[in-house]
Amino acid sequence: MNAMFELCISTLTQGFIYALLSYGVYITYKILDFPDLTVDGSFPLGAAVGALLLVNGTNPYLTLLAALAVGAVAGFVTGFIHVKLGVRDLLAGIITMTGLFSINLQIAGSNLAVERSIDTIFTSGPIMAVMGNSSLIYRKFVVALVLAIVVKLVLDWYLKTKNGLLLRAVGDNATLVTTLAKDKGTVKIIGLVIANALVSLCGAVVCQEQRSFFSTMGTGQVVFGLAAVIIGTTLFRKMSVVKATTAVMIGSIFYKVCIQVAISLGLPSNLMKLATAVLFLLILVLGNKRKGGAEHA
Amino acid sequence: MLELKQIRKVYNPGTVTEMCLFDNFNLTVNDGEFVSIVGSNGSGKTSMLNIICGSIPIEGGQVLIGGKDISKMKDFQRYRSIGRVYQNPSMGTCPNLTMLENMSLADNKGKRFGLGFGVNKARESYYKEQLSILGLGLEDKMDVKLGALSGGQRQAAALIMSTLTPIEFLILDEHTAALDPKTAEVIMELTHKVVEEKKLTAMMVTHNLRYAVEYGTRLIMMDKGGIVMDKGGMEKEHTKVEDILDVFTSISIECGN
């Protein structure tokens with residue numbers, strides 16, 4: 001029973017950590033209407049930079065700031081390629097993602113372990129002051145929960161500012177942004193910068209949580225993010241009281257729970273990506289069905 | 001004052017489908033004029049508006065506003081002094097934002113879009129007052145997403161939004177064409193009111209010859225990238241729909257339409 005409870009806690013922890021990535025995908029996919037594949041590169045980028053800084057003795061919280069910064073640069077590169085060089089959105093993301101794979105290898109090699117002796121955000125700083133006596137699994141849960149909520153609140157605030165309003169407008173009707181005498185390209189770049197900063201932050205937190213970086217850890221992250229966003233926004237379509245960011249956070253948890261259930265039922269890890277793909281397809285089809293149903297009603 | 005000088009516009013240059021629309025096209029619009037522009041499809045009406053707004057590039061010539069050459073300016077830079085309402089009602093508003101958010105965006109045109117609060121509640125009564133000019137009850141729909149409104153309501157909102165901040169020019173690109181006759185009539189009447197009240201210089205492309213005759217202070221008919229009729233002042237006052245219809249028909253027959 002205790003093992004079961006701990007499994008639930010660690011699954012929820014995963015959901016909260018990956019909510020950070022889902023917020024990023026929410027910005028590009030839902031707000032900007034930009035299918036951004038940079039995610040598969042900016043996620044491990046955050047992890048690589050985080051891992052390298054950690055093993056070199058940097059404060060674990062500072063590594064998170066560094067991850068935000070490098071993710072922002074990755075988003076800027078995709079935005080620049082798309083807006084200034086006129087490359088299609090999907091291809092711009094693929095180009096950055098592909099380039100980042102080599103860059104990540106340069107930064108941290110094909111894998112980099114963070115030794116037990118090195119402190120992470122889960123074993124140092126404020127969490128030790130508050131919950132120093134609790135076991136690691138609960139500390140991870142609380143840190144992940146706090147991160148997911150703080151970032152959500154900051155994002156909610158940003159989307160209500162003038163700049164955030166303009167960001168929402170550009171995905172809704174780019175022509176209007178132009179007639180408001182604003183460069184829609186710049187607004188798109190800002191959106192990509194914020195989104196990939198969050199994705200990279202998520203990579204750094206994951207790296208601290210599992211104490212390792214793998215060059216392949218980015219594969220499929222964009223699909224996860226899209227699934228979380230689509231599950232969340234579909235589930236809460238009718239409830240306007242639930243903010244989209246909250247819906248996305250719940251989507252992320254829901255998805256992690258589904259995967260954990262599949263593993264518990266004995267799904268071989270080799271079939272993981274196939275299960276992910278099938279689950280994603282199911283969500284898309286069911287989401288469309290509900291939409292169609294609503295239109296015919 | 002708006003001046004188009006020796007404009008040259010070629011579509012698909014260097015290909016077999018190359019088509020020269022404007023070659024040495026000139027037009028001057030004085031401050032306070034409300035110009036109605038008519039002409040058959042392909043005569044260059046919308047292209048002219050797009051050239052003024054910088055939506056399409058030109059091969060030669062100059063666009064001047066108040067004597068200042070804006071030909072090198074990007075489209076979004078030109079919109080600092082230009083407001084525009086499109087034929088498609090969904091082009092002028094954001095469907096997923098509420099009326100209040102849409103109005104707040106429009107209200108901030110020309111200012112910095114920084115990290116201040118996006119919706120200014122203190123301005124809400126001003127927005128309501130502006131929307132109530134329309135007489136469509138839109139002032140009671142401040143929290144409704146624009147996507148939930150009808151085309152006519154959205155176009156009315158777009159008209160108010162495009163003229164909410166001080167602008168020098170209002171560009172109306174067949175802005176009643178997608179509306180039913182009654183709504184079109186309402187929007188046209190509102191346009192007249194807004195242009196009068198805010199003392200705007202306006203250019204309106206329309207296929208409705210009656211609107212072109214009834215509204216505005218000057219009437220221009222275009223054909224094949226040139227101006228074939230230009231009536232202002234008293235001459236415009238005495239122009240009847242039949243007069244321009246005759247010219248219009250003769251042009252159309254030449255084209256084989």
Side-chain angles (χ1 to χ4, degrees), chain A residues 26-34 83-84 86 153-191 193-194 197 229 233 236-241 243-245 247 291 294-295 297, chain B residues 50 53-55 73-98 100-121 143-147 154 157-158 161-165 167 169-171 173:
Chain A
Y26 168 72
I27 292 175
T28 46
Y29 178 73
K30 269 284 169 181
I31 298 183
L32 286 183
D33 197 15
F34 189 112
V83 171
K84 303 291 179 192
L153 291 176
V154 171
L155 200 55
D156 284 344
W157 163 79
Y158 171 71
L159 290 174
K160 280 189 176 169
T161 64
K162 290 194 170 77
N163 206 273
L165 205 53
L166 200 62
L167 186 77
R168 287 156 67 199
V170 88
D172 218 10
N173 181 359
T175 310
L176 182 74
V177 173
T178 307
T179 58
L180 290 174
K182 284 285 154 189
D183 186 359
K184 58 176 188 253
T186 309
V187 183
K188 274 189 191 172
I189 292 177
I190 291 173
V193 164
I194 297 172
V229 168
T233 51
F236 298 103
R237 191 199 302 279
K238 292 273 160 63
M239 291 194 232
S240 54
V241 272
K243 283 220 171 74
T245 44
K291 210 189 278 174
E295 273 164 16
Chain B
N50 283 336
C53 295
S55 315
M73 279 163 76
K74 293 252 175 60
D75 55 356
F76 70 91
Q77 293 167 322
R78 299 187 197 192
Y79 280 113
R80 276 179 208 147
S81 55
I82 298 175
R84 185 169 184 174
V85 185
Y86 294 84
Q87 177 177 358
N88 183 346
S90 56
M91 296 277 266
T93 53
C94 282
N96 284 313
L97 300 186
T98 64
L100 184 57
E101 288 169 329
N102 269 285
M103 293 293 281
S104 304
L105 273 173
D107 194 23
N108 205 49
K109 175 170 170 170
K111 296 189 205 114
R112 225 170 60 85
F113 281 82
L115 294 178
F117 209 56
V119 170
N120 187 348
K121 279 275 174 191
D143 294 318
V144 176
K145 287 185 177 174
L146 266 285
R154 270 190 260 175
M161 281 170 64
S162 64
T163 56
L164 200 59
T165 51
I167 47 168
F169 280 93
L170 179 61
I171 302 278
D173 186 3

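Because only heavy atoms are used, hydrogens play no part in the values below, and waters and symmetry mates are left out as well, while side chains stay in. Chain naming here is simple, since letters A, B, ... match the order of the sequence lines and numbering starts at 1 in each.
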Measure [X] against the heavy atoms of chain A and call it side chain, backbone, both or neither at under 4.5 Å.
| X | answer |
| --- | --- |
| B/Arg78 | neither |
| B/Ser90 | backbone |
| B/Lys111 | backbone |
| B/Gln77 | neither |
| B/Ser81 | neither |
| B/Asn102 | side chain |

Atom pair [atom1]/[atom2] of [X] and [Y] - distance to nearest 0.5 Å:
| X | Y | atom1 | atom2 | value |
| --- | --- | --- | --- | --- |
| B/Ser162 | A/Leu176 | OG | CG | 10.0 Å |
| A/Lys182 | B/Leu105 | NZ | CG | 11.5 Å |
| B/Tyr86 | A/Asn173 | OH | CG | 8.5 Å |

At a heavy-atom distance under 4.5 Å, which candidate from [options] has the highest pair count against chain A?
| options | answer |
| --- | --- |
| B/Cys53, B/Gly92, B/Ser55, B/Gly110 | B/Gly92 |
| B/Arg84, B/Met91, B/Arg80 | B/Met91 |
| B/Ser104, B/Cys94, B/Ala106, B/Gly147 | B/Cys94 |

A/Lys162 to B/Arg112 - nearest heavy-atom pair and separation: CD-O, 3.9 Å
Residue pair A/Leu180, B/Phe76: steps toward the side chain to side chain contact (heavy atoms under 4.5 Å, CB included) verdict: CA-CA 7 Å; A/Leu180 290 174; B/Phe76 70 91; over 6 Å; no
Donor-acceptor contact below 3.5 Å, side chain B/Lys109 vs main chain A/Thr179: yes
Check: A/Asp172 main-chain N/O paired with B/Asn96 side-chain donor or acceptor under 3.5 Å: no
Verdict with reasoning, A/Leu165 to B/Phe113, per side chain to side chain contact (heavy atoms under 4.5 Å, CB included): CA-CA 9 Å; A/Leu165 205 53; B/Phe113 281 82; 5.8 Å; no
Top of A/Val177, A/Leu159, A/Asn163 for chain B proximity - count of heavy-atom pairs under 4.5 angstrom: A/Asn163
